[in-house]
Amino acid sequence: MALVKRDLTDRQRRLVEAFVANGGNLTQAAHEAGYAQGNSGRVSAYKAMKTAHVRQYLMEAMSDAFGLSAAKALGRVVQLSGGAKSEYVQLEASKDLLDRAGFKPIDRSQVQVAGDIKVSIDLT
């Protein structure tokens, strides 16, 4: 992110960070970042968001935010698997953890047949 930050103005950086923090509300992010009030500020912020270096920073900021959220979510699932009041919730959380760790149950079974199989269809 350091290379991208140098290309951004402080206002563009604040715009992206506010946009990610508020869940994607461009009008609110433009206001928080210091863009003009009303439609002109929103349009200026929209144009800024379309530039390549701002979009790159946005993608990196979203990735960072997602990583933090994923860590919190994992912690919550681990907590539920061991401490939920409902045994069903514990079971589902445990199955989800096992699935994400690569221990997914087999979806279908394979049957192997030894020997010859003959099929005869008479259409007369």
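All values below come from the heavy atoms of this structure, side chains included, with hydrogens, waters and symmetry mates left out.
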Margin query: Quick check: closest heavy atoms across Asn22 and Ala29, and the distance to 0.1 Å?
Written below: ND2-N, 3.5 Å

Checklist line | Cation over ring face, Arg42 and Tyr35, 6.0 Å, 45° | finding: no

Notebook entry, point to check: Can Lys95 and Glu92 be counted as an ion pair, charged N to O under 4.0 angstrom?
Noted result: yes

Item checked: Beyond-backbone contact of Tyr57 with Glu17, side-chain heavy atoms, under 4.5 angstrom -> yes

Note to self: So, using side chain to side chain donor-acceptor pair (under 3.5 Å) as the criterion, who are the partners of Arg100 when residues are at least two apart?
What the structure shows: Asp96

Notebook entry, point to check: Which pairs, with at least one residue in residues 24-33 and sequence neighbours excluded, count as a side-chain hydrogen bond (donor to acceptor under 3.5 Å, both in side chains)?
Noted result: Gln28-Glu32, His31-Gln37

Check: From Leu8 CG over to Leu58 CG, what is the distance, rounded to the nearest 0.5 angstrom?
Finding: 10.5 Å

Note to self: Using the rule given for side-chain contact (heavy atoms from CB on, under 4.5 Å), can you reason through Arg14 versus Asp10, listing the C-alpha separation, both sets of side-chain angles and the distance that settles it, and then say yes or no?
What the structure shows: CA-CA 6 Å; Arg14 287 192 312 265; Asp10 286 339; 3.6 Å; yes

Next item on the list: Would you sort out whether Val16 and Met49 count as a side-chain contact (heavy atoms from CB on, under 4.5 Å), showing the intermediate values?
Entry: CA-CA 8 Å; Val16 168; Met49 291 292 263; 4.1 Å; yes

Next item on the list: Determine the minimum heavy-atom distance between Ala84 and Val89, stating which atoms define it.
Entry: CB-CG1, 3.6 Å

Note to self: Applying side-chain contact (heavy atoms from CB on, under 4.5 Å) to Lys47 and Lys50, what does each step give before you reach the verdict?
What the structure shows: CA-CA 5 Å; Lys47 287 180 181 178; Lys50 292 196 58 104; 5.8 Å; no

Note to self: If you compare all heavy atoms of Gly41 against all heavy atoms of Ala30, which two are closest, and at what distance to 0.1 Å?
What the structure shows: O-CB, 4.0 Å

Check: Leu91 and Leu80: same hydrophobic cluster, using ILVMFWY side-chain contacts below 4.5 Å?
Finding: no

Would you tabulate the side-chain donor-acceptor contacts of residues 65-79 under 3.5 Å, counting partners in other chains and residues two or more places apart, or write 'none'?
{"unit_1": "Ser69", "atom_1": "OG", "unit_2": "Ala65", "atom_2": "O", "d": "3.1"}
{"unit_1": "Arg76", "atom_1": "NH1", "unit_2": "Gln79", "atom_2": "OE1", "d": "2.8"}

Next item on the list: Please report the closest heavy-atom contact between Val54 and Ala48, naming both atoms and the distance.
Entry: CB-O, 3.2 Å

Check: What is the minimum heavy-atom distance between Gln12 and Asp7, and which atoms define it?
Finding: OE1-O, 4.2 Å

